[in-house]
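Encoded as structure tokens, the structure appears first; notes follow it.
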Amino acid sequence: MTRVTFAKAIQRHVDCPPADVVGDTLRGALDAYFEIHPSVRRYVLDDQNAVRRHVAVFLDNELITDRVSLADAIEPTSTISVFQ
């Protein structure tokens with residue numbers, strides 16, 4: 001399962017505990033996380049479902065560049081880290 005974690009700065013604004021999720025892409029994994037914690041979606045994604053400007057998402061310790069489709073492939077052992 002893919003591990004999704006959030007920086008402490010985000011945790012001050014919204015309840016977003018670490019979680020293990022299933023997904024083939026970054027979008028799939030984040031959607032799975034948002035199903036469990038729906039209030040986090042609006043903090044991370046904008047109205048167009050793209051990553052908000054003030055948010056940085058790392059996939060396996062590398063900053064993602066596709067902030068719109070989030071189509072990066074992930075492995076079951078991947079980690080997703082979200083920072084403000």
Side-chain angles (χ1 to χ4, degrees):
M1 296 186 92
T2 298
R3 184 79 167 166
V4 181
T5 61
F6 293 83
K8 297 255 187 230
I10 295 175
Q11 293 176 21
R12 287 184 286 169
H13 300 286
V14 64
D15 183 32
C16 50
D20 294 322
V21 298
V22 175
D24 294 333
T25 64
L26 181 57
R27 169 80 63 197
L30 288 175
D31 284 346
Y33 184 90
F34 299 147
E35 283 184 33
I36 302 166
H37 304 283
S39 62
V40 181
R41 178 185 292 275
R42 72 176 191 276
Y43 193 83
V44 175
L45 303 179
D46 63 19
D47 295 339
Q48 312 306 312
N49 281 323
V51 176
R52 291 187 180 276
R53 287 188 207 181
H54 70 278
V55 174
V57 178
F58 288 80
L59 175 59
D60 295 327
N61 297 320
E62 290 195 29
L63 182 64
I64 64 158
T65 55
D66 172 10
R67 300 173 61 86
V68 178
S69 68
L70 303 172
D72 300 38
I74 60 172
E75 299 294 326
T77 57
S78 290
T79 58
I80 299 168
S81 304
V82 182
F83 293 86
Q84 184 173 12

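All of these numbers come straight from a predicted model, not from anything done at the bench.
Residues M1 and P76 have side chains not in contact (no heavy-atom distance under 4.5 Å, counting atoms from C-beta outward). Within the 4.5 Å cutoff, side-chain heavy atoms of N49 are placed close to those of R41. At a threshold of 4.5 Å between non-hydrogen side-chain atoms, the residues L26 and I64 count as touching.
The two residues A32 and V21 come nearest to each other via the heavy atoms CB-CB, 3.9 Å. The two residues P18 and R3 come nearest to each other via the heavy atoms CB-NH2, 3.4 Å. For I80 against A29, the heavy-atom pair with the smallest separation is CD1-CB, 3.6 Å. Closest approach of E35 and P38 over heavy atoms only: O-CD, 4.0 Å.
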### Evaluation steps, side chain to side chain contact (heavy atoms under 4.5 Å, CB included), between C16 and H37
CA-CA 7 Å; C16 50; H37 304 283; 6.0 Å; no
### Message
Does F6 form a ring pair (Phe, Tyr, Trp, His ring centres under 6.0 Å) with Y33? I'd like the steps, not just the answer.
### Response
CA-CA 11 Å; F6 293 83; Y33 184 90; 5.0 Å; yes
### Task
Quick one: do V82 and T5 satisfy side chain to side chain contact (heavy atoms under 4.5 Å, CB included)? Show the steps, please.
CA-CA 6 Å; V82 182; T5 61; over 6 Å; no
### Query
Checking side chain to side chain contact (heavy atoms under 4.5 Å, CB included) for the pair V57/L63: CA distance, chi angles, key distance, verdict?
CA-CA 6 Å; V57 178; L63 182 64; 5.9 Å; no
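Between D72 and R27, none of the side-chain N atoms (NZ, or NE/NH1/NH2) sits under 4.0 Å from a carboxylate O, so this pair counts as no salt bridge.
With sequence neighbours excluded, the residues forming a side-chain contact (heavy atoms from CB on, under 4.5 Å) with S78 are T2, L59, D60, I74, E75, listed by chain and number.
Using a 30° and 60° split on the angle between ring planes, F83 and F58 fall in the perpendicular class, above 60°.
R52 CZ: more than 12 foreign heavy atoms inside a 6.0 Å radius. Atom CG of D20 has more than 12 heavy atoms from other residues, nucleotides or ligands within 6.0 Å.
Hydrophobic clustering (side-chain heavy atoms under 4.5 Å, transitive across Ile, Leu, Val, Met, Phe, Trp, Tyr) groups F34 together with I36. Criterion: ILVMFWY side-chain heavy atoms under 4.5 Å apart, direct or through other members. Under it, V68 and V44 are not part of a common hydrophobic cluster.
The structure places CG of L45 at 6.5 Å from CG of L30, a figure rounded to the nearest 0.5 Å.
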